[in-house]
Amino acid sequence: MSKVVLFGNARFAETNYFYLTQDSAYDVAAFTVDRAHVREHELLGRPVVPFEEITQHYPPGEYLMAVPMGLKRVNQLRAEKFQQAQANGYRLVTYVSSRAVTWSDASVGENSFVYESAVLKAFARVGRNVIVETGSLVGHHTDIRDHCFLGPHSVVLGECIVEPYCIIGANAVVREGVTIATGCIVGAGAVITRNTRPGGVYLAPTSEVLPGSSAELSALLEAR
């Protein structure tokens with residue numbers, strides 16, 4: 001069983017510790033974060049070691065590393081830590097849930113995490129350092145490039161390109177053949193039907209508060 005150092009010490013790190021220990025051939029030996037963010041020196045029974053010292057305690061010749069961080073600074077922070085881990089000589093793991101649906105023609109890059117109920121259709125490509133959250137769909141011949149984040153139940157249909165450093169929010173839909181330009185944020189529930197511009201932010205209409213209360217609406221419906 002390969003030994004892994006997992007970057008992070010918050011809830012997302014705990015969740016990924018669970019996935020790796022319960023659903024992979026990896027054994028999480030330790031956690032690491034930047035020294036300024038070390039709160040406790042142990043998490044889930046594993047040591048938490050400053051990233052600045054990690055090679056001394058867990059050398060890259062003996063340990064792998066995983067950096068499944070969230071989407072801070074439009075994925076830039078995860079990309080920086082991914083690149084620093086590589087520069088320190090670590091090989092980074094790839095995790096695809098046993099409960100995801102993938103095909104032999106689909107590919108997933110280094111340090112990418114694909115969670116349960118996600119579907120990668122034939123000829124789909126997921127690049128390096130990508131998070132594909134629960135229930136997401138990556139369509140046939142679609143290319144999700146490096147350092148992206150696909151939120152839960154997002155749908156990117158066939159023959160799309162999602163350029164690096166993009167965020168596709170929960171329940172968002174990208175239509176067939178569309179290119180999402182570098183650094184875009186597609187908000188939860190948004191529907192994208194044409195190519196976007198670099199760095200664009202695309203949000204769905206927000207819900208409006210109706211006059212009256214839920215109790216009044218319930219009484220009105222019961223009276224019908």
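Bear in mind the structure is a predicted one, so any value in this text is a computation, not a measurement.
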Pair V5, I54 - check side-chain contact (heavy atoms from CB on, under 4.5 Å), show working. CA-CA 9 Å; V5 176; I54 197 64; 3.9 Å; yes
Set out, in order, the CA-CA distance, both residues' side-chain angles and the distance that settles side-chain contact (heavy atoms from CB on, under 4.5 Å) for L120 and V108, then state yes or no. CA-CA 9 Å; L120 306 185; V108 180; 3.6 Å; yes
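- Checked for salt-bridge contact, R145 and E163 meet the test: a charged N lies under 4.0 Å from a carboxylate O.
- At a cut-off of 3.5 Å, with distance as the only test, a side-chain donor of D23 or S98 sits close to an acceptor on the other residue.
- Although no hydrogens or angles enter the test, the distance criterion places no donor-acceptor pair under 3.5 Å between the side chain of S117 and the main chain of G135.
- Transitive grouping of hydrophobic side chains (ILVMFWY, heavy atoms separated by less than 4.5 Å) keeps V156 and F149 in distinct clusters.
- Of the charged side-chain nitrogens involved, none lies within less than 4.0 Å of a carboxylate oxygen, so that D27 and K3 do not count as a salt-bridged pair.
- Judged purely by atom type and a 3.5 angstrom limit, D143 has no side-chain atom pairing as donor or acceptor with the backbone of V162.
- Residues F113 and V132 form no side-chain contact, since every pair of their non-hydrogen atoms from C-beta on lies 4.5 Å or further apart.
- Classification of R35 and E53 as a salt-bridged pair holds, one side-chain N sitting under 4.0 Å from a carboxylate O.
- Taking hydrophobic clusters as Ile, Leu, Val, Met, Phe, Trp and Tyr residues chained together by side-chain heavy-atom distances below 4.5 Å, F12 shares a cluster with V74.
- S136 places a side-chain N or O within 3.5 Å of a backbone atom of G151 that can act as its donor or acceptor partner.
- Note on ring orientation: taking the six-membered ring where Trp is involved, the planes of F7 and F51 are perpendicular (angle over 60°, cut-offs 30° and 60°).
- Using cut-offs of 30° and 60° for the angle between ring planes, the F82 and H147 rings count as perpendicular.
- Ring pair Y63/Y58 is perpendicular by interplanar angle, where above 60° counts as perpendicular and below 30° as parallel.
- Under 3.5 Å, the side chains of N129 and D146 contain no donor-acceptor pair of N or O atoms.
- Side-chain contact between P47 and E42: absent, with no pair of heavy atoms (C-beta onward) separated by less than 4.5 Å.
- Applying the 6.0 Å contact sphere to CZ of R125 captures more than 12 heavy atoms from other residues, nucleotides or ligands.
- The aromatic ring centres of Y95 and Y26 sit 6.0 Å or more apart.
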